[in-house]
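First listed ligand is number 1; within each ligand, the first listed atom is number 1. These numbers were taken from a predicted model, which means no experiment stands behind them. The figures here come from the full heavy-atom set of this structure, side chains too, leaving out hydrogens, waters and symmetry mates.
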Amino acid sequence: MLDSIQQIDKKATWEAILSKIFLLIDRSHLLTFFLNSAILSYEDGILKIGFATIVGSDYMKTKYHSKIFPFVKEVLPDVVKIEYELSASLAEKDHPDKLPVDLFMTIIGSGGTKPRKVPNKQEVLLEGGMRSKMLNKRYTLQNFIPGNENKLVHAACLAVGAKPAGIYNPLYIYGDVGLGKTHLLQATGQEILKNFPRQRVVYMTAENFVNKIVEAIGKKHTKPFKDEYRNLDCLIVDDIQFFANRATSEQEFFHTFNELYDNGKQIILSADKPPRELDGFDDRLKSRFGMGMLIEVQKPSFETRLAILKAKCGEYQVLIDPEVIEFIAFNVTHSVREMIGVLVTAIGEAQLENATPTIRSVAQVIRKLSRDQDVGEIDLRDQNKTVVRDTEDVLDIVAKYFGSTKSELIGLDRKKEIMIPRQVSMYLIREILNHSYEAIGENFSGRNHTTVMHACNKVVTQMKVDQKMQRDINALKKELGF
Ligand code: ADP
Ligand code: MG
């Protein structure tokens, strides 16, 4: 019955169905599978829904089918059966039957009874004549994911936001870089403004503070500076370890601190260490810092890291394979900043090619970062299938690329067709795995190290003059995850 196909507008029908079922489906599944989904056909009471991945269609069958059927029937009363199918073309960005991303996000994001309008509210708040300085509205206590590890610090920030200058004064948060100190400080400032819109809240880094003092002293005008900072309701100073051994600034900060504190104003500080371990600080100041609440930010657990990454994907409105997210959470453990950095870089690079990050591309980003910053090795326990570890892996990929075999590559045949792939393999093993010429020679039928050296040099020279060689090497490196 061709007629019935034309009777429905696929997009509008899918929109209507999604609006009814989205609350039944895990948010991560919505983001991972449903963005690339659409109605494929509706014929003789059979509704076919397509997903870009087989995981998506299988998930629907096993997990959600019985839950959603009654809701689909509300939209299509004559439906007798729903089928879920793989339709790879749905991965294409401009597939005509897919809902546009923004519409999709609106349906699943702010539909139903769960409006998510926090950012706008903050905007209004900040534009409404607030005397707040340097607060970044992206950082809120609502989008900080505390996990079990940082429940306490999160609760303390909420408490300060609800009742500034109460028992947690000063609030002193310390810990390693990239674990969320700045986020919490800024967010607490916002929370205070949300609850007490008339308060004057200033956030600054210790470095800003020092620069301003130095400037004021240079102009011989320190009074305006003093007045400005001593008239606040809440002063937030980030990374105060920067005051170490800067006696004048430290002194000025000490006065500001005392005056605010004595007048019952809130002070929030962060540092890389607890007060007693701060070097180059006056003892009086250290003991003042310790008068209120001291809390350390902890490294998040695997589960928390996963939750942070998922929240970020939601924020960026991108869908990433859960395995890839787990791979990042598993491998980047010491800094949330860095972990988010890996995610963003991987998304950015994939988008250039209209794709989404894969385990291989993510491994590459992590490796690049660890090379730049010496953050340690990636742990590939479960994932080694996609990442190069040894000579075998290189040989496999090169052999496939040139349509030869591994034994030909390492063998002694001097046919011209095999010479180039062999030299390329040696070069890549040297480049990527950093093996010695001797060790490479061993693996290539016990060749002499000078032969290997010669082969590697030949590839390097060739790349300079031969574009095809350059392309081959680039393609292979990419294939190898570099
Ligand atoms: P620090 O000041 O301790 O060096 P930041 O506050 O700059 O760290 O955090 C680095 C990044 O990680 C920021 O983008 C921040 O939003 C994010 N971040 C850290 N911890 C969390 C968390 N628990 N939930 C959500 N985002 C987090
Ligand atoms: Mg910081």
### Query
Would one find more than 12 heavy atoms of other residues, nucleotides or ligands at under 6.0 Å from atom NZ of Lys163?
no
### Task
Give, for atom OG1 of Thr256 and atom OH of Tyr229, the distance between the pair rounded to the nearest 0.5 Å.
9.5 Å
### Task
Find all atoms of ligand 1 within a distance of less than 4.0 Å from any non-hydrogen atom belonging to Val177, and give their numbers and elements.
4 (O)
#### Entry: Geometric N/O contact Lys312 with ligand 1, under 3.5 angstrom
no
### Task
Counting heavy atoms only, name the option from Thr182, Val344, Val297, Val153 that's nearest to atom 2 (O) of ligand 1.
Thr182
#### Entry: Sub-4.0 Å heavy-atom approach of Leu179 to ligand 1
yes
### Mutual orientation of the aromatic rings belonging to Phe51 and Phe34 [parallel < 30°, tilted 30-60°, perpendicular > 60°]
perpendicular
### Query
Does the side-chain hydrogen bond (donor to acceptor under 3.5 Å, both in side chains) test come out yes or no for Thr182 and Asp238, once each step is laid out?
CA-CA 7 Å; Thr182 298; Asp238 204 352; 2.6 Å; yes
### Query
Would Lys265 and Glu259 pass as an ion pair if we require N to O under 4.0 Å?
no
#### Entry: Residues Lys286, Asp282: salt bridge by 4.0 Å N-O rule
no
### Message
Using a 4.0 Å cutoff against the non-hydrogen atoms of Gly180, which atoms of ligand 1 qualify?
### Response
1 (P), 3 (O), 5 (P), 6 (O), 8 (O), 9 (O), 19 (C), 20 (N)
## Note on the structure
One finds that the ligand 1 atoms under 4.0 Å from a non-hydrogen atom of Lys181 are 1 (P), 2 (O), 3 (O), 4 (O), 6 (O), 8 (O)
### Query
So which bit of Ile340 gets within less than 4.0 Å of ligand 1, heavy atoms only: side chain, backbone, both or neither?
side chain
### Query
Got the closest protein heavy atom to atom 23 (N) of ligand 1, with its distance?
Ile145 O, 2.7 Å
### Query
Would you call Glu215-Lys212 a salt bridge at under 4.0 Å N-O?
no
### Message
With nothing but distance in play, are any N or O atoms of Phe144 less than 3.5 Å from an N or O of ligand 1?
### Response
no
### Task
Apply side-chain hydrogen bond (donor to acceptor under 3.5 Å, both in side chains) to Tyr401 and Asp472, showing your working.
CA-CA 9 Å; Tyr401 186 88; Asp472 288 343; 2.8 Å; yes
### Identity and distance of the protein heavy atom lying nearest atom 12 (O) of ligand 1
Val336 CG1, 3.4 Å
### Query
Considering only the protein, which heavy-atom contact is closest to atom 25 (C) of ligand 1, and what is its distance?
Asn143 O, 3.5 Å
### Query
For the rings on Phe144 and Tyr139, is their centre-to-centre separation under 6.0 Å?
no
### Message
So, taking the atom named CG in Asp239 and the one named CZ in Phe242, what distance separates them when rounded to the nearest 0.5 Å?
### Response
9.5 Å
### Query
With sequence neighbours left out, what residues match Tyr84 under side-chain hydrogen bond (donor to acceptor under 3.5 Å, both in side chains)?
His65
#### Entry: Options Gln186, Arg337, His183, ranked by nearest heavy atom to atom 15 (C) of ligand 1, top entry
His183
### Query
Can you name the one residue among Phe209, Phe289, Tyr172 that meets ring-ring contact (aromatic ring centres under 6.0 Å, His included) with Phe257?
Phe289
### Message
For atom 4 (O) of ligand 1, what is the closest protein heavy atom, and at what distance to 0.1 Å?
### Response
Gly178 N, 2.6 Å
### Query
What are the protein N, O or S atoms, given as residue plus atom name, that sit under 2.8 Å from the Mg ion (ligand 2)?
Thr182 OG1
### Query
Can you tell which part of Ile308 has a heavy atom less than 4.0 Å from ligand 1: side chain, backbone, both or neither?
side chain
### Query
Hey, what do you get for CZ (Arg430) to CG (Leu428), rounding to the nearest 0.5 Å?
13.0 Å
